[in-house]
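A short write-up of the structure that comes next.
Reminder, nothing fancy here: chain letters follow the sequence lines and each chain counts from 1.
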Amino acid sequence: MKMIRSVRGVKDILPDQTPAWRKVEATAHALAIRYGFQEIRIPLFEQTELFARSIGTATDIVEKEMYTFLDRDGTSLSLRPEGTAGVVRAYLEHNFSSRSPVTKLYYLGPMFRYERPQAGRFRQFHQFGVEAFGTDDPLMDVEVISLLWRFFHTLGISGLTLIINSLGTIAERQAYSEALRQSLSARHADLCHNCQRRLVSNPLRILDCKVETCTHITRQAPVITDFLSPDSSSHFRKVQDGLDLLEIPYVPNPYLVRGLDYYTRTTFEITASSLGAQNAIGAGGRYDGLVELLGGPPTPAVGFAAGLERILLLLPPESIPAPAPLVFVAAFGEKGRIAGFQLLEKLRIHGFTADTDYRAASLKALLRSAHRRSATYTIIIGDDEASAHSVILRNMAEKTQEYLPISSLIDRLRNLVELSRF
RNA sequence: GUGGGUGUAGCUCAAGGGUAGAGCGCCUGACUGUGGCUCAGGAGGUUGCGGGUUCGAAGCCCGUCACUCACCCCA
């Protein structure tokens, strides 16, 4: 029988990793709510056209990275490659704009892209993202960046760099893109093969090419900053002032471009130097044209997405909370096992994290099992104790124990052990 | 889609054409009602898969798959 393995680039998150995941997720929920965002849960798949229209038909994501399939009625559907498109769709579908001028939403969940897996890159990966609709105030840009920055800080992740840029309005970006194309066309022969292709399809992408000759050439080309209107310039200036007010360090970089077509004005990216090739752990920006593009009223918006797998790679061990102390029931003998089984249930009802090992028959084996499970306390109950309606409460680290009636055990443990949450 | 590296026990890895091994982990016992240490024993393998060369292949050759890193792309 051939073993069926998980799909390439799609990972199980095993029990030794889930506490770290819960920490990251809990922090995301707590901070987003603290910043006034509300959780939205959107579908894992949508009509393909939604992604094509919002992300851009010429992007790699839409061109070759989506998991696309036909519904039974022939509609083309795709697994979501990112979260913003679906959130905007839901925002419009449920008329959020008519309920309140400003809507702040966040989401958490898996995304899907057909890519070659490598360090920090998977076909199913998870993102935490926020979207703030209804204001073009630069302070909202700052708020979104601040939330992302504090998120990493709260998790104990350091050594990060915040890079910011402004791409201007759609018109300004187009004007710059054209100027760039003309300027670089003169050096066409000196550009790398890839960039020669980009010159036609998407000149902006040449700016973040890593080939040395290309970067050298682009440093002499026109800079986006010179193509920003006074409005866009002022907006960008105010974003930087806001970051200064909050004492969030940043590096302006006119060569930061983002892969998705819908970004306008502010764009930003937070990178970790220790992460290897896939070093962006959070990125986002303003997308003032997207709501309108998807059929809604003109609505300014700004947001970010953060990659949880990459964050997990950086999460310091001390940020992961210790599990609740375990109370282990070591019950043996005919009467002891019955009394111990009832006691185990009682402990759980009262909120203790409690377990036993049905396989272990001897006290020795039970204690070995308790030790392996890192139990804080072990309750020893054999036939003698069961007959006397008593138990032995053993402190595993101290190797001390006390003999006490079953009736007083719960109260005794309450003084010793912290309860589990639910 | 392209290129490099790696596939041997649950895990980390040896064996470099001649009997498939070690450490860790797991189980049992020494210790019949008290865990960690020690000692002894035990279980666990189609050497990723398929073909080829050879008297003989974990090893060499070809193919294939997977993992991994990088390009690309991006969170």
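A donor-acceptor pair under 3.5 Å is formed between the side chain of Thr356(A) and the backbone N or O of Val329(A). Looking at Asp60(A), its side chain never comes within 3.5 Å of a backbone N or O of Glu65(A) through a donor-acceptor pair. Distance alone, capped at 3.5 Å, is enough to place a donor-acceptor pair between the Tyr176(A) side chain and the Pro222(A) backbone. Under the 3.5 Å distance criterion, the side-chain polar atoms of Gln196(A) are matched with a main-chain donor or acceptor of Leu191(A). Panel note: side chain Thr48(A), backbone Ser76(A); a donor-acceptor pair is recorded below 3.5 Å. Put simply, the side chain of Thr400(A) never gets that close to the backbone of Glu398(A): no donor and acceptor are under 3.5 Å apart. Of the possible donor and acceptor atoms, none in the side chain of His371(A) sits under 3.5 Å from a partner among the backbone N and O of Leu367(A). Arg286(A) places no side-chain N or O within 3.5 Å of a backbone atom of Pro300(A) that could act as its donor or acceptor partner.
Note on Phe304(A): nothing from the nucleic acid sits closer than 4.0 angstrom, heavy atoms only. Phe122(A) comes within 4.0 angstrom of a base, heavy atoms only. Within the 4.0 angstrom heavy-atom criterion, no nucleotide atom of any strand lies near Ala370(A). Met396(A) comes within contact range of at least one nucleobase, with a heavy-atom separation under 4.0 Å. Contact annotation for Gly333(A): no contact, since no heavy-atom pair falls under 4.0 Å across all strands.
Less than 4.0 Å separates RNA chain B from at least one heavy atom of each of the following residues of residues 59-70 of chain A: Asp60(A), Glu65(A). Non-hydrogen atoms lying under 4.0 Å from RNA chain B are contributed by nothing in residues 145-167 of chain A. RNA chain B is contacted by Asp384(A), Glu385(A), Ile392(A) of residues 381-393 of chain A, taking any non-hydrogen atom closer than 4.0 Å.
Thr84(A) and Glu131(A) are linked by a side-chain donor-acceptor pair at a separation below 3.5 angstrom, with hydrogens and angles left out of the test. Under 3.5 Å, the side chains of Thr68(A) and Ser78(A) contain a donor-acceptor pair of N or O atoms.
Remark: Phe45(A) engages Phe69(A), Leu77(A), Leu79(A) in a side chain to side chain contact (heavy atoms under 4.5 Å, CB included) (not counting sequence neighbours). Contacts of Glu93(A) classified as side chain to side chain contact (heavy atoms under 4.5 Å, CB included), with partners at least two apart in sequence or in another chain: Arg89(A). Scored by the side chain to side chain contact (heavy atoms under 4.5 Å, CB included) test, Ala365(A) finds Ala360(A), Ser362(A), Arg368(A) as partners (sequence neighbours excluded). For the side chain to side chain contact (heavy atoms under 4.5 Å, CB included) test, residues two or more places apart in sequence or in another chain that qualify with Thr18(A) are Ile13(A), Arg22(A).
The salt bridge (Lys or Arg N to Asp or Glu O under 4.0 Å) contacts involving residues 107-122 of chain A comprise Glu115(A)-Arg121(A), where partners must be two or more places apart or lie in separate chains. Applying the salt bridge (Lys or Arg N to Asp or Glu O under 4.0 Å) rule to pairs touching residues 167-182 of chain A yields Glu178(A)-Arg181(A), sequence neighbours excluded.
Side-chain nitrogen and oxygen atoms of Gln118(A) include at least one within less than 4.0 Å of the OP1 or OP2 phosphate oxygen of rA70(B). A close approach under 4.0 Å does not occur between any side-chain nitrogen or oxygen of Arg113(A) and OP1 or OP2 of rC74(B). Distances shown here put a side-chain N or O of Arg205(A) below 4.0 Å from the OP1 or OP2 atom of rC74(B).
Ring geometry, Tyr91(A) versus Phe96(A): the interplanar angle falls under 30°, so the pair is classed parallel (tilted spans 30 to 60°).
Scanning RNA chain B for stems, defined as runs of 3 or more consecutive Watson-Crick or G-U wobble pairs whose donor-acceptor distances all fall under 3.5 Å, gives the following ranges: B:1-7 with B:65-71, B:10-13 with B:21-24, B:26-30 with B:38-42, B:48-52 with B:60-64.
In this structure, Glu143(A) pairs ionically with Lys104(A), as a charged nitrogen and a carboxylate oxygen lie closer than 4.0 Å.
For the pair Phe332(A) and rG33(B), the ring geometry does not qualify as stacking, because the centroid separation below 5.5 Å and plane angle under 30° are not jointly satisfied.
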Hey, what are the protein-to-nucleotides 3-7 of chain B N/O distances that come in under 3.5 Å?
{"unit_1": "rG3(B)", "atom_1": "O6", "unit_2": "Arg116(A)", "atom_2": "NH2", "d": "3.3"}

Restricting both atoms to N or O, compile the protein contacts to nucleotides 26-30 of chain B shorter than 3.5 Å, with distance only.
{"unit_1": "rC27(B)", "atom_1": "OP1", "unit_2": "Arg372(A)", "atom_2": "NH1", "d": "2.9"}
{"unit_1": "rC27(B)", "atom_1": "OP1", "unit_2": "Arg372(A)", "atom_2": "NH2", "d": "3.4"}
{"unit_1": "rC27(B)", "atom_1": "OP2", "unit_2": "Arg372(A)", "atom_2": "NH1", "d": "3.4"}
{"unit_1": "rU28(B)", "atom_1": "OP2", "unit_2": "Arg368(A)", "atom_2": "NH2", "d": "3.1"}

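Across rA70(B), rC72(B), rA75(B), the shortest atom-to-atom separation from the side chain of Arg198(A) is found for rC72(B). Picking from rU68(B), rG33(B), rG35(B) the nucleotide with the shortest atom distance to the side chain of Leu363(A) gives rG33(B). In the set rG35(B), rG33(B), rC73(B), rG33(B) carries the atom at the smallest distance from any side-chain atom of Ile380(A).
Remark on RNA chain B: of its neighbouring residues Ser6(A) and Gln127(A), the 5'-side contact belongs to Ser6(A), judged by nearest-heavy-atom nucleotide.
Close placement of the Phe151(A) and Phe128(A) rings is indicated, their centers lying within 6.0 Å of each other.
We find the OG1-CG distance between Thr267(A) and Asp141(A) to be 10.5 Å, quoted to the nearest 0.5 Å.
Per the geometry, NZ belonging to Lys399(A) stands 18 Å off P belonging to rG33(B), to the nearest Å. To the nearest angstrom, P of rC74(B) lies 21 Å from NE2 of His126(A). Residue Glu269(A) contributes atom CD, which lies 13 Å from atom P of rC73(B) at whole-angstrom precision. Going from atom CG of Leu204(A) over to atom C1' of rC73(B) covers 16 Å, rounded to whole Å. One interatomic measurement links the two molecules: CZ of Phe112(A) to C1' of rA75(B), which rounds to 14 Å at whole-angstrom precision. Look at CZ on Arg310(A): it is 12 Å from P on rC69(B), rounded to the nearest Å.
Taking the P atoms as reference points, rG29(B) lies 49 Å from rA70(B), given to the whole Å. Nucleotides rA40(B) and rG33(B) place their C1' atoms 24 Å apart, quoted to the nearest Å.
Side chain Arg121(A) to base rC72(B): a donor-acceptor pair is found below 3.5 Å.
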